[in-house]
Protein chains: 2
Amino acid sequence: METERPQRPDGATAGSGTLDPESAGRKRAAGPERVNTPGGRRALDQGVILREAVRFIDEHGREQLTMRRLGAELGVEAMALYRYVPGRDQLLDGVVEVVMDELYGMTMNRPLPGSWQEFLQQMAHGVRAISMEHPKIFPLVASRPPAAPWLRPPLRSLRWVEGFLEGLDHYGFDPTESVRVYRAFSTFLLGHLLLESAIYAVEPRAAPAADIEFVESSDLALYPRLMTLSPQLSLDTFDNEFEDALEEMIDRMAISPP
Amino acid sequence: METERPQRPDGATAGSGTLDPESAGRKRAAGPERVNTPGGRRALDQGVILREAVRFIDEHGREQLTMRRLGAELGVEAMALYRYVPGRDQLLDGVVEVVMDELYGMTMNRPLPGSWQEFLQQMAHGVRAISMEHPKIFPLVASRPPAAPWLRPPLRSLRWVEGFLEGLDHYGFDPTESVRVYRAFSTFLLGHLLLESAIYAVEPRAAPAADIEFVESSDLALYPRLMTLSPQLSLDTFDNEFEDALEEMIDRMAISPP
DNA sequence: ACCTGAACACCGTTCAAGT
DNA sequence: ACCTGAACACCGTTCAAGT
């Protein structure tokens, strides 16, 4: 039951129906500023729609995002969005793109630090900051099918990864070593940040206690070790886990493979 | 726009509408075997439905699973499923449960090996085997909201985690150390297996080459490093990555924290 | 006891029609 | 040029009715 993908009549290579990256998250090179529509509504365009989608998911979660509701949020019927976005899937890809652009701005527009260790620290903390700013979006970053199979979540921007590899090159990593670092780095971030953002998405930095009741106590009674350990298991130790494992992983990157 | 959860009239604690764990994935203690319905159809029950859901997702992916299609697969209207499963969300939780039970059977019904290092190796390889058997289900295991916030994906079975902690206890880990191991272990598995299963879900152990064209070449031309490295980036190195990082992580667990 | 038909309130998406 | 109304083919879910 595959959806047929109709040929575009205009001769453009339809490809996989990606968004125009130029007008997505970034600002246009100062053009004619269409401010407001006669009706007083904000003028629609792809960037406006994608940013509103980001805001909406941040607030309500990705389950709640529908074309109809997003349209309503922008003062327009759902059908109007299809002029700017090919469909819901591409909208979600665009959301990921906006967030990755934010990451790029945060991590790549500054001078390289003195050591490659500091560089990796800086990059890791940048990605973590983004995942904490958008905990409800991070699962999308982590699990939407990427543009290329070798583009590993959560580092899903060609531009960002290019910059990352440039950085490694600057510190003297050869291509093979760089690939190894990129892989270890992405795996590390995916594991840590997906777990952390999952918690943070439901309870934005809330109390650690009282969570023990969350499982029906009858169930828990069957498992004595979980019973006694659940207070310890409930402690929020993500900060330490992240920092320790990050340092560990960075140390590991210093040793070249045979 | 919250969905109202109506009070059950039968006085049972409705709670969060979980499935009856007894009849889920496991076989019943030999009872009256209702084999076939008069019409010749397989008799419905929760276990049959959940196992069919697992099979269906393995084959078609989780996007394709709808109550209506699952019903059709079982020779029944969608509405008939609601007698055995509270709703779609709980169905998906049940799917996760079935897979976790499979993991339990694979890893917990055998004698403990000689060293805790071997034990962790065995557990890690068990989880990896499950993720490779159900690559299209693994994202559910990784990202459905768990029963308790401290129950970290992908290790989402109270029973399994209890067994894991029992194992650690047997090798002399004290409770604090065990929690530390559990956390590092789950983070490690989540990162590695989510990446690997994502690849494996679309291409079951397929060719490594030709993936380079997957990104429009025009895009890639902007990024010289990605351009030259994409062949290396496309190589399937998950086996080595997993084994190396696992050994590394196990080494790290030997050192107690201050 | 177990399943179905019909209905409800939603989806994403298309397209001719309005301004 | 840009948006809408109406329509289509789907969803999940409820419930009275059938057997």
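Just so it is clear: chains get the letters A, B, ... in the order the sequence lines come, proteins before strands, and each one is counted from 1.
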Please work out if B/M79 contacts a base, only the sugar-phosphate, or nothing of the nucleic acid, heavy-atom cut-off 4.0 Å.
-> base
Taking NZ, NE, NH1 and NH2 as the nitrogens, is one of them in B/E73 or B/R69 under 4.0 Å from a carboxylate oxygen of the other?
-> no
Between B/A80 and A/T66, which is nearer to the 5' end of DNA chain C once each is assigned its nearest nucleotide?
-> B/A80
Between the side chain of B/E162 and the main-chain N/O of A/L226, is any donor-acceptor distance below 3.5 Å?
-> yes
Would you mind reading off the distance between B/Y82 atom OH and D/dC11 atom P, rounded to a whole angstrom?
-> 12 Å
A/R69 vs C/dC11: side-chain N/O to OP1/OP2 distance below 4.0 Å | yes
B/R83 or B/G87, whichever maps to the more 5' nucleotide of DNA chain D = B/G87
Calculate the interatomic distance between B/D89 atom CG and D/dG12 atom P; express it in whole Å.
-> 11 Å
Atom CG of B/L91 and atom P of D/dT13: how far apart are they, to the nearest Å?
-> 10 Å
Choosing from C/dC3, C/dC15, D/dG12, which nucleotide comes nearest the side chain of B/V76?
-> C/dC3
Taking the side chain as every heavy atom from C-beta outward, state whether B/R152 and A/L233 have any atom pair closer than 4.5 Å.
-> no
Distance, rounded to the nearest Å, where A/E77 contributes CD and D/dA6 contributes P | 11 Å
At under 4.0 Å, does any side-chain N or O of A/Y84 touch on OP1 or OP2 of D/dC3?
-> yes
Grab the CG-P distance between B/D45 and C/dA1 for me, whole Å please.
-> 17 Å
Roughly how many Å is it from CE in B/M67 to C1' in C/dG5, rounded to a whole number?
-> 17 Å
Between B/F238 and B/Y200, is the ring centre distance below 6.0 Å?
-> no
Do B/K136 and B/R62 come within less than 4.5 Å of each other through their side chains, counting heavy atoms only?
-> no
Go through C/dA7, D/dC3, C/dG12 for me and flag the one nearest to the A/L44 side chain.
-> D/dC3
Expressed in angstrom and rounded to an integer, what is the separation of A/R68 atom CZ from D/dC3 atom C1'?
-> 15 Å
Figure out the CZ/C1' separation between B/R88 and C/dA9, and round it to whole Å.
-> 17 Å
Applying a 3.5 Å limit to both distances, which nucleotide forms a Watson-Crick or G-U wobble pair with C/dT4?
-> D/dA16
According to the Watson-Crick and G-U wobble definitions, with both distances under 3.5 Å, which nucleotide is paired to C/dC11?
-> none
